[in-house]
Visitor: 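Would you mind keeping the following structure in view while I ask a few things?
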Amino acid sequence: MKKALAIALVALVALSGVFAGGAQESAAPAASDNLIVVGYAQVGAESDWRTANTQSFKSTFTEANGYRLIFDDAQQKQENQIKAIRSFIQQDVDYIVVAPVVETGWETVLKEAKDAGIPVILSDRMMDVSDPSLYTCWVGGNFIKEGEDAGKWLIDYLKKQGRSNEKINIVTLQGTIGASAQIGRTEGFGNIVKTQPNWNMLAMQTGEFTQAKGQEVMESFLKSYPDIDVVVAENDNMAFGAIDAIKAAGKTCGPNGDIIIISFDAVAAAFDSMIAGDMNVSVECNPLHGPRVAEIIQKLEKGETVDKIQYVVEEVFDTSMDLPAVKATRLY
Ligand code: GYE
């Protein structure tokens, strides 16, 4: 613990529910300790990726590892995240970690954290702020590269199928509009679409990164467009929903089906879907940011500098691989 008297901290933590609408979880503080207090403003629980990310933080920032974690689930609402950050400032935490729902609209609350002298670490998605000194650093996936990798995979796949000169009709299930993962994946895949004159993007619509919304949007795509060749789902859970919609409409998908399914994240259930022959490919996005953020905090504690932007290296997994063997080596 940093500045405040233990007793004041106890009082403030007890009040935290008032500041953040009661959504925060925190272990009851001991009377005095040397724990580093970290407030994590999480997006929500919209996907398997997010669940793995939450688990990664909860299993890393434990008392045994020297931390007290105050965890806030914003239910995919930016206003809830802003409230959570304000409550972290009130509680005088040592570090604030944010996985921002969307990129814009953060300047005021980040300024409040800066004025309070609390470092803000961004994890997963980015913020678009005019003054980069408002946050310490960011760690996450390279979303534009992920989108480009998906497009390059499709070029190769169609070549192997002898379909390079065919007209290819594509629909995209986008993530939460304005989220880095949506912006980057849409842009990256779009960069490759521009190079392929015979690819036709029929429609793009958000499925909010959830399975239910992915299914709903896919149902309407199938009604509007009878000849879809490819679905790009900007995360695995929307792809699972799309696959359900395709099957319910009496169509088939995957390597032996009518519709090619391209997805992102590569969570365990995506491996199962590829093994079952439903999904063609999932571009990895690694959610295990807990230890990465802990390493950053440890460096800052020692007064060391940290890289401002830290990309995680990621791979592409498709049905040409020995997927059961690969799945057995993975942690999420
Ligand atoms: O792809 C999706 C989650 O921001 C990278 O958010 C993350 C995305 C991930 O809901 O499944």
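Computed from heavy atoms alone, side chains included, the values below leave out hydrogens, waters and symmetry copies. Just so you know, ligand 1 is whichever comes first in the structure, and atom 1 is the first atom listed for that ligand. Positions are given from 1 along the sequence.
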Visitor: Does ligand 1 have an atom under 4.0 Å from some heavy atom of G141?
Guide: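 It does not; every heavy atom stays at 4.0 Å or beyond.
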Visitor: With a cutoff of 4.0 Å, is M126 in contact with ligand 1, counting heavy atoms of the residue only?
Guide: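 No, M126 has no heavy atom closer than 4.0 Å to ligand 1.
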Visitor: Fit a plane to each ring of Y40 and F71, take the angle between them on a 0 to 90° scale, and name the class: parallel (under 30°), tilted (30 to 60°) or perpendicular (over 60°).
Guide: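 Geometry flag for F71 against Y40: perpendicular rings.
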Visitor: Would you indicate whether K58, at its atom NZ, is surrounded by more than 12 heavy atoms from other residues, nucleotides or ligands within a distance under 6.0 Å?
Guide: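 Result for NZ/K58: enclosed.
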Visitor: Can you tell me which portion of Q182 lies within the under-4.0 Å heavy-atom range of ligand 1? Options are side chain, backbone, both, or neither.
Guide: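 No part of Q182 is near ligand 1 at this cut-off.
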Visitor: Could you find the nearest protein heavy atom to atom 11 (O) of ligand 1 and give me its residue, atom name and distance?
Guide: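 So the nearest neighbour among protein heavy atoms is D265 OD2, 2.6 Å.
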Visitor: Step by step, would you call D131 with K111 a salt bridge (Lys or Arg N to Asp or Glu O under 4.0 Å)?
Guide: CA-CA 10 Å; D131 174 5; K111 180 94 187 5; over 6 Å; no
Visitor: Which ligand 1 atoms does C285 reach within 4.0 Å, using its non-hydrogen atoms?
Guide: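 Those of ligand 1 that fall under 4.0 Å from C285 are 5 (C).
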Visitor: Please say whether the positively charged group of R185, taken as NZ for Lys or CZ for Arg, lies over the ring of F189, i.e. under 6.0 angstrom from the six-membered ring centre and within 45 degrees of the axis.
Guide: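 No, R185 and F189 do not form such a contact.
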Visitor: Going by atom types only, do D236 and S263 share a side-chain donor-acceptor pair under 3.5 Å?
Guide: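 Yes, side-chain donor-acceptor contact under 3.5 Å.
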Visitor: Between R125 and ligand 1, is there a nitrogen or oxygen pair with a distance under 3.5 Å?
Guide: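 Indeed, backbone or side chain, R125 has an N or O that close.
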Visitor: Using a strict cut-off of 4.0 Å, indicate which atoms of ligand 1 neighbour a heavy atom of S47.
Guide: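 Selected atoms, number and element: 2 (C), 3 (C), 10 (O), 11 (O).
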Visitor: What is the closest protein heavy atom to atom 10 (O) of ligand 1, and at what distance does it sit?
Guide: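 Here the closest protein heavy atom is E46 OE2, 2.4 Å.
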Visitor: Does the side chain of T210 pick up a donor-acceptor pair with the side chain of N237 at under 3.5 Å?
Guide: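 There is no such pair (donor and acceptor under 3.5 Å, judged by atom type) between the side chains of T210 and N237.
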Visitor: Measure the distance from atom 7 (C) of ligand 1 to every protein heavy atom, then report the residue, atom name and distance (to 0.1 Å) of the closest one.
Guide: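 Among all protein heavy atoms, the one nearest atom 7 (C) of ligand 1 is D124 OD1, 3.2 Å.
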Visitor: Distance only, no hydrogens: is a donor on one side chain within 3.5 Å (strictly under) of an acceptor on the other, for Q182 and T186?
Guide: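 The criterion, which ignores hydrogens and geometry beyond distance, is satisfied for T186 and Q182.
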Visitor: Which of the atoms of ligand 1 are close to F143, meaning less than 4.0 Å from one of its heavy atoms?
Guide: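 Taking each heavy atom of F143 in turn, ligand 1 has 5 (C) under 4.0 Å.
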Visitor: Flag this pair as yes if the NZ/CZ of K114 is under 6.0 angstrom from the six-membered ring centre of Y135 and inside a 45 degree cone about the axis; otherwise no.
Guide: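 Judged by the rule, K114 and Y135 form no cation-pi pair.
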Visitor: Out of N235, N237, V283, D236, whose heavy atom sits nearest atom 2 (C) of ligand 1?
Guide: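 Comparing heavy atoms across N235, N237, V283, D236, the nearest one to atom 2 (C) of ligand 1 lies in N235.
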Visitor: Numbering the atoms of ligand 1 from 1, which are under 4.0 Å from a heavy atom of A181?
Guide: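 Every atom of ligand 1 under 4.0 Å from some heavy atom of A181: 4 (O), 5 (C).
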